[in-house]
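By convention here, the first residue in the shown sequence is residue 1.
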Amino acid sequence: MNLKFYKYQGTGNDFVMIDNRNAIFNKENTAVISKLCDRNFGIGADGIILIENDTNFDFKMVYLNADGSETFCGNGGRCAVAFAKKLEIISNKTTFIAFDGPHVAEIENDIVALKMIDVSEIEVKQNSVFAYTGTQHHVELVDQLENYPVFDHGKEIRNSYAAPGSNVNFAQQIGPATFRVRTYEKGVENETLACGTGVTAVAIAMHKTGKTKSNTISLPVEGGNLEVSFTEENGMYKNVFLKGPATFVFHGELTIS
């Protein structure tokens, strides 16, 4: 089978995008998914994103990690919006369905503002915060983030959580409403250049623990800059928006046996 694909990236979080409205791609074939994501023997990506039909929404987004596991990805969601516009499914605004439920988004000049789910599942621990922002996230404040052993400590913490585990975010405060973030992602099993659900978890965790009073937070990541805004009502975080670039990189065709 000749597979037409597109490559997109959002602050360095990169994805193989496939128009699957004709159900041509086998989502159960984890070997193919892993090979496509392989940076040496495949296209190279943090995950696969499929755009599919849905009767109640503009489209359905399916996000598959490099190991084939399904979850939601914030930067992937933003790239899905950009891809849907390229396919002329949408114009500048959309409502779509994903693993964690419905999302609304708006795109202008490759900048996508994506509404995330309301966040109420937040557990403040002694030295960390756990939050569910579409997938599981551990958040921990550290010093000297630039030299921090993200891979080693991230892998250890990721596996300390019960299945399916947790993504792990290490953050350092560099301003009243600015936090630098590095993330170890489950499924990828490595540090990624950015994680949209991760920076969302960091922003909410820092507000929840009083590290910032702002409801608009800047989050520099290894691949660029993201912004998270929200409102807070009685411990519930609503109107949560993840904003940043979603960029087309290239497209091509690959033969899959």
Side-chain angles (χ1 to χ4, degrees), residues 3 5-20 25-52 59-83 96-101 103 114 116-117 130-139 150-151 154-170 181-202 221-223 226 242 246 249 254 256:
L3 178 70
F5 69 89
Y6 296 76
K7 181 76 176 285
Y8 275 76
Q9 63 88 10
T11 54
N13 223 179
D14 59 340
F15 312 99
V16 172
M17 320 287 293
I18 298 170
D19 180 358
N20 201 40
F25 187 81
N26 182 4
K27 293 176 283 190
E28 307 302 321
N29 194 330
T30 57
V32 168
I33 293 166
S34 295
K35 186 172 182 179
L36 290 176
C37 292
D38 192 291
R39 298 189 184 278
N40 298 110
F41 298 100
I43 300 166
D46 292 327
I48 305 287
I49 294 176
L50 309 176
I51 299 296
E52 299 186 342
F59 64 90
K60 180 180 181 181
M61 167 198 169
V62 177
Y63 177 74
L64 303 167
N65 283 313
D67 65 356
S69 59
E70 186 176 357
T71 186
F72 179 70
C73 174
N75 285 327
R78 294 190 306 98
C79 287
V81 172
F83 185 42
F96 67 93
I97 188 74
F99 179 81
D100 62 339
H103 292 266
L114 170 68
M116 309 289 277
I117 64 169
F130 176 86
Y132 185 86
T133 56
T135 190
Q136 300 83 356
H137 278 280
H138 172 104
V139 177
V150 171
F151 179 84
K155 183 177 181 180
E156 180 182 358
I157 295 169
R158 175 256 191 273
N159 288 314
S160 71
Y161 283 84
S166 178
N167 296 293
V168 183
N169 306 275
F170 300 103
V181 182
R182 293 175 65 186
T183 302
Y184 179 97
E185 285 199 52
K186 63 180 173 66
V188 180
E189 305 309 332
N190 208 341
E191 180 179 2
T192 56
L193 294 179
C195 178
T197 52
V199 297
T200 302
V202 169
V221 294
E222 296 297 283
L226 293 165
L242 170 68
V249 183
L254 192 68
I256 299 176

Between [X] and [Y] (side chain of the first, backbone of the second, donor and acceptor by atom type, cut-off under 3.5 Å), is there such a pair?
X    : Y    : answer
N20  : I51  : no
D46  : N13  : no
E156 : R158 : no
E189 : G187 : yes

Applying salt bridge (Lys or Arg N to Asp or Glu O under 4.0 Å) as the test, list every pair that has at least one member in residues 66-83; sequence neighbours left out.
none
Check the orientation of Y63 and F15. Use parallel for under 30°, tilted for 30 to 60°, and perpendicular for over 60°.
perpendicular
Is the Y6 ring parallel, tilted or perpendicular to the F83 ring (thresholds 30°, 60°)?
tilted
How close do [X] and [Y] get, heavy atom to heavy atom, and via which atoms?
X    : Y    : value
G10  : A194 : O-CB, 4.1 Å
N169 : H137 : ND2-ND1, 2.9 Å
E185 : C195 : OE2-CB, 3.7 Å
F99  : G134 : CD2-O, 4.4 Å
F59  : A80  : CZ-O, 4.1 Å
L114 : G74  : CD2-O, 3.4 Å

Which pairs count as side chain to side chain donor-acceptor pair (under 3.5 Å) when at least one residue sits in residues 26-37, sequence neighbours excluded?
K27-E52
Side chain proximity check, [X] to [Y], heavy atoms < 4.5 angstrom:
X    : Y    : value
M61  : H103 : no
L226 : N75  : yes
V249 : D14  : no
Y132 : I117 : yes

Hydrogens and angles aside, do K186 and S69 bring a side-chain donor and acceptor to less than 3.5 Å of each other?
no
Could you verify whether a donor N or O on one side chain and an acceptor N or O on the other, from T135 and T197, lie under 3.5 Å apart?
no
From [atom1] ([X]) to [atom2] ([Y]), nearest 0.5 Å:
X    : Y    : atom1 : atom2 : answer
I33  : D38  : CD1   : CG    : 13.5 Å
F25  : L64  : CZ    : CG    : 7.0 Å
N167 : T183 : CG    : OG1   : 7.5 Å

Exceeds 12 heavy-atom contacts within 6.0 angstrom, atom NZ of K155
no
Given H138 and Y161, is the side chain to side chain contact (heavy atoms under 4.5 Å, CB included) satisfied, shown in steps?
CA-CA 9 Å; H138 172 104; Y161 283 84; 2.8 Å; yes
List in chain and number order the residues that pass side chain to side chain contact (heavy atoms under 4.5 Å, CB included) with A66, two or more places apart in sequence or in another chain; answer none if no residue qualifies.
C37
Side chain to side chain contact (heavy atoms under 4.5 Å, CB included) assessment of T133 paired with D100:
CA-CA 9 Å; T133 56; D100 62 339; over 6 Å; no
Between L36 and I48, is a side chain to side chain contact (heavy atoms under 4.5 Å, CB included) present by the stated rule, with each step listed?
CA-CA 8 Å; L36 290 176; I48 305 287; 3.8 Å; yes
